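The structure under discussion appears below in the form of structure tokens.
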Amino acid sequence: MDGNAAMDSIWRVVAAIPAGRVCTYGEVAKLAGLPRGARQVGRALGKAPASRQLPWYRVIAAGGRIALPKGSAGYRAQVSKLRAEGVVVSNGRVRLPDFQWSPDLDELIWGPP
DNA sequence: TAATTGACCGATC
DNA sequence: AGATCGGCCAATT
């Protein structure tokens, strides 16, 4: 058992990101109740077991940049998965104005599930 | 217990 | 546009 509320909240938020959309670490942290816990998000993702099926690749760094070092295995995997969902990744960055996910805005535009 | 580190962020140079 | 600095917070050494 994890017993870790922070990590659980983070995983819940990340799991709530719809396909074809992305969210920054800072944003995920804020939604999870950790206004300055961007680093915690990264740590939680790194520790997240695969059994969680967590869409970690939908979480990117501020400014739409890929958090992982360019050329790294994780980097390529993230870009590949994002592109597979229709997210345009150019030069290691995502166009945030077009793909950044906001829960409230999303519900307003697309309607709640 | 203190110091280091890290899938970060925002401002500044 | 790219590099650097300081700040934040938690886990690890």
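Because the structure is a prediction, the values reported are computed rather than measured. Residue numbers begin at 1 in each chain, while the letters A, B, ... track the order of the sequences.
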Problem - Rounded distance (Å) that lies between atom C1' of B/dA7 and atom CG of A/Leu82 - result: 13 Å

Practice task
Please answer whether the main-chain N or O of A/Gly64 pairs with a side-chain N or O of A/Gln100 as donor and acceptor at a distance below 3.5 Å.
Solution key: no

Practice task
May I ask you to evaluate whether A/Asn4 reaches the phosphate of C/dA11, defined as a side-chain N or O under 4.0 Å from OP1 or OP2?
Solution key: yes

Completion exercise
A/Gln40 atom CD is separated from B/dC9 atom P, nearest whole Å, by 13 Å

Practice task
Calculate the interatomic distance between A/Leu54 atom CG and B/dA7 atom P; express it in whole Å.
Solution key: 16 Å

Problem - Selected nucleotide, minimal atom distance to A/Trp56 side chain, candidates B/dA7, B/dG6, B/dC9 - result: B/dA7

Practice task
Check every strand shown and say whether A/Arg43 touches a base, only sugar-phosphate, or nothing at a heavy-atom separation below 4.0 Å.
Solution key: base

Problem - Within-4.5 Å side-chain heavy-atom neighbours: A/Val88 and A/Arg83 - result: no

Exercise for the section: Compare the minimum distances between each of C/dC9, C/dA11, B/dC9 and the side chain of A/Arg39, then state the nucleotide with the smallest one. Expected result: C/dC9

Problem - A/Arg65 CZ - C/dA3 C1' separation (whole Å) - result: 12 Å

Problem - Nucleotide B/dC8, atom C1' - distance to CD1 of A/Ile10 in whole Å - result: 12 Å

Practice task
Among C/dA10, B/dC8, C/dT12, find the nucleotide with the atom closest to the side chain of A/Ala38.
Solution key: B/dC8

Practice task
State whether A/Lys70 places a side-chain N or O below 4.0 Å from either non-bridging phosphate oxygen (OP1 or OP2) of C/dG2.
Solution key: no

Practice task
Answer yes or no: is there an ion pair linking A/Glu85 with A/Arg21, defined by an N-O contact shorter than 4.0 Å?
Solution key: no

Practice task
Look at the side chain of A/Tyr25 and the base of B/dA7, then say whether one donor and one acceptor between them are separated by less than 3.5 Å.
Solution key: yes

Exercise for the section: Name the nucleic acid region contacted by A/Gly46, choosing base, sugar-phosphate or nothing; use a 4.0 angstrom heavy-atom cut-off, strictly under. Expected result: base

Exercise for the section: State, with a plain yes or no, whether a side-chain heavy atom of A/Val14 is found less than 4.5 Å away from one of A/Leu45. Expected result: yes

Problem - Flag side-chain contact, heavy atom, 4.5 Å: A/Trp11 against A/Pro49 - result: yes

Exercise for the section: Could you please name the option among C/dC8, B/dA7, B/dG10 that lies closest to any side-chain atom of A/Ala62? Expected result: B/dG10

Exercise for the section: Figure out the NZ/P separation between A/Lys47 and C/dA11, and round it to whole Å. Expected result: 9 Å

Fill in the blank from the handout: Of the candidates C/dT12, B/dC9, B/dC8, the side chain of A/Ala67 sits closest to B/dC8

Exercise for the section: Nearest whole angstrom, please: distance from the C1' of C/dA11 to the CG of A/Leu45. Expected result: 15 Å

Practice task
Measure from CZ on A/Arg36 to P on B/dA11 and round the result to the nearest Å.
Solution key: 12 Å

